[in-house]
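Provided herewith is a single structure, encoded as structure tokens, for subsequent inquiry.
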Amino acid sequence: MLRLFRAALCAAAISCAASAADNDSIRLTIDATRPGAKIDRNIFGQFAEHLGRGIYEGVWVGPESKIPNTRGIRNDVVAALKAIKVPNVRWPGGCFADEYHWRNGIGPRNERPATLNPNWGGVIEPNTFGTHEFMDFVQQVGADAYISINVGSGTAEEAADWLEYLTTPQPTKLAKERAANGHPEPYPVALLGLGNESWGCGGSMTPDEYVNHLKVYARYARNYNTAQPMRRIAVGPDGADTGYTEAVMKAWKNKTWAWDIEGLSLHSYTVVKWPPAFKATGFGESEYATILKATLNMESLVTTHAAVMDRYDPEKKIALVVDEWGAWLAATPGSPEGFLEQQNSQRDALVAALNLNIFARHAERVRAANIAQMVNVLQAMIFTRQEKLVLTPTYHVFHMYVPFQEATFVPVELTAGSYKSGDIELPRLDAIAARDAAGKLWLAVSNLDPNRQATVDLSVQGRNVSRAVGQTLVAPKIDSVNTFEAPAVVAPRPLAAKLSGKKLSLTVAPASVSVIALE
Ligand code: AHR
């Protein structure tokens with residue numbers, strides 16, 4: 001581990017001689033003459049479910065709280081999310097969405113009913129955070145609303161009413177009720193989930209049963225706010241099973257004028273096996289490699305479902321929306337049952353970067369994604385404890401990747417060989433590049449190998465590049481975490497490539513994620 005820390009420091013800032021083993025010749029070529037698809041900023045979406053301390057405590061503290069807030073919403077959380085330019089937030093679930101009745105969450109807060117949250121610890125749901133609070137929250141963050149409607153235990157009428165309540169500019173009974181509740185203007189809803197995991201917690205429907213529901217909800221849950229186009233996302237596959245993909249895409253191909261969708265959801269967690277048992281901290285290299293291998297399976301999932309989609313939709317009109325992804329690990333010992341609380345380590349930073357790289361490589365089809373979940377739940381960006389807040393390694397990856405939002409993908413060729421741990425063999429490095437709107441080239445490099453730093457010779461076709469500077473996320477150990485007591489153990493440090501003659505070389509630390517601008 002000393003070796004890891006020494007190498008981390010070497011790559012981050014301090015110059016030191018690399019050992020022979022670190023010096024294998026690695027070439028990375030960026031071909032700026034062959035730009036690809038635009039990387040939709042929505043792949044950096046977040047997910048906020050009424051689950052554990054995700055909403056209550058994590059986002060909502062109430063206007064009377066001592067914790068600094070704006071209309072009940074934590075200022076520190078909003079500021080942190082603004083800094084990573086969150087494009088959209090999916091809400092209110094998850095499994096919670098298919099049992100959520102929106103009317104419980106409007107009107108005077110002290111009159112809202114207490115209901116139950118049977119999926120997540122069986123706790124009381126106070127309904128204090130409802131439609132208006134959520135829309136206020138996303139507007140404070142500057143994100144779009146991604147609302148999931150209740151297809152499981154709700155009705156099409158209830159969903160249609162919610163959408164009319166949210167979006168109509170006309171003076172209907174529902175619009176007047178919205179105005180009476182404080183918001184005369186229609187709200188913008190950019191994404192609408194037509195159910196959640198309808199193959200599981202959302203109703204255990206067969207693909208054909210779901211398609212019958214889909215046609216009805218896609219017809220009646222209408223967006224009336226012409227200022228904000230709304231993409232409707234159908235429930236899609238659970239992992240590798242293509243049953244839903246086939247059924248939904250076939251129905252869409254043969255659809256009538258009466259309904260349409262713009263996206264198909266895919267859920268896949270990095271979990272290895274259920275129930276989640278991999279430790280969030282205190283793990284060794286074997287668990288590290290196993291989790292990274294499992295997360296790289298996202299590549300094959302996206303490829304598999306995209307191939308099915310291509311058969312029905314060669315023009316790629318329907319987006320693949322990976323609206324639940326991330327590491328699902330064993331819960332923090334002592335945390336409440338069903339709250340899905342887990343620490344977040346340097347390994348999770350790599351999990352995040354590898355998935356984002358996969359989505360970027362499939363940018364033409366993967367046009368939105370939502371990591372699960374935003375605050376205090378699963379692979380979170382942020383932990384809160386009363387007035388304290390800590391940013392996780394995953395947060396830092398999202399921050400470093402901001403330049404990739406809406407940038408144009410540029411192909412990368414890499415000769416880095418592999419990293420082996422026991423019988424697991426993984427790519428030693430993983431990289432993506434993109435050109436932003438101002439024309440600047442960006443490169444993200446993850447070093448999966450926890451034992452060897454890597455020195456990469458960079459070359460760019462179609463550009464003269466003489467400077468490469470950015471940041472690297474390194475850690476003393478692969479399971480290093482940030483805590484309330486030590487919040488900056490894992491934090492980005494400056495990183496620069498070396499120029500000798502015309503040759504640019506970049507040294508990246510073991511188990512690190514780096515993002516640099518090439519100028
Ligand atoms: O993110 C936690 C849960 O995982 C969601 O509620 C559900 O959709 C999925 O199974």
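Starting from 1, each residue takes its place in the sequence as its number. Read the numbers this way: they start at 1 and go in the same order the structure lists the ligands and their atoms.
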Less than 3.5 Å apart, any donor N or O on the side chain of R90 or N196 sitting next to an acceptor on the other? yes
Is any N or O atom of C95, backbone or side chain, closer than 3.5 Å to an N or O atom of ligand 1? yes
For ligand 1, which part of W328 has a heavy atom less than 4.0 Å away: the side chain, the backbone, both, or neither? side chain
Atom 8 (O) of ligand 1 has as its nearest protein heavy atom E324 OE2, 2.7 Å
Below 4.0 Å, non-hydrogen atoms only: which portion of N119 touches ligand 1? Side chain, backbone, both or neither. neither
Short side-chain donor-acceptor distance under 3.5 Å, Y269 and E324: yes
Would you say E49's side chain and G54's backbone share a donor-acceptor pair under 3.5 angstrom? no
Which residue owns the protein heavy atom closest to atom 10 (O) of ligand 1, what's the atom, and how far is it? E197 OE1, 2.8 Å
Would you say Y269 has any N or O atom under 3.5 Å from an N or O of ligand 1, going by distance alone? yes
Per-atom contacts of ligand 1 with F47, taking only distances under 4.0 Å to non-hydrogen atoms: 1 (O)
We want to know whether N42 and N88 form a side-chain donor-acceptor pair, criterion being a heavy-atom distance below 3.5 angstrom. yes
Mode of N196 contact toward ligand 1 - side chain, backbone, both, neither (heavy atoms, under 4.0 Å): side chain
Just say parallel, tilted or perpendicular for the rings of W102 and W162, cut-offs at 30° and 60°. parallel
Cationic N near anionic O, under 4.0 Å, R385 to E485: yes
Within the 3.5 Å criterion, strictly below it, is a donor on N150 or Y217 matched to an acceptor on the partner's side chain? no
Could you tell me which atoms of ligand 1, counted from 1 in the order shown, lie closer than 4.0 angstrom to a heavy atom of Q373? 1 (O), 2 (C)
Nearest protein heavy atom to atom 6 (O) of ligand 1, by residue and atom, and its distance? E49 OE1, 2.7 Å
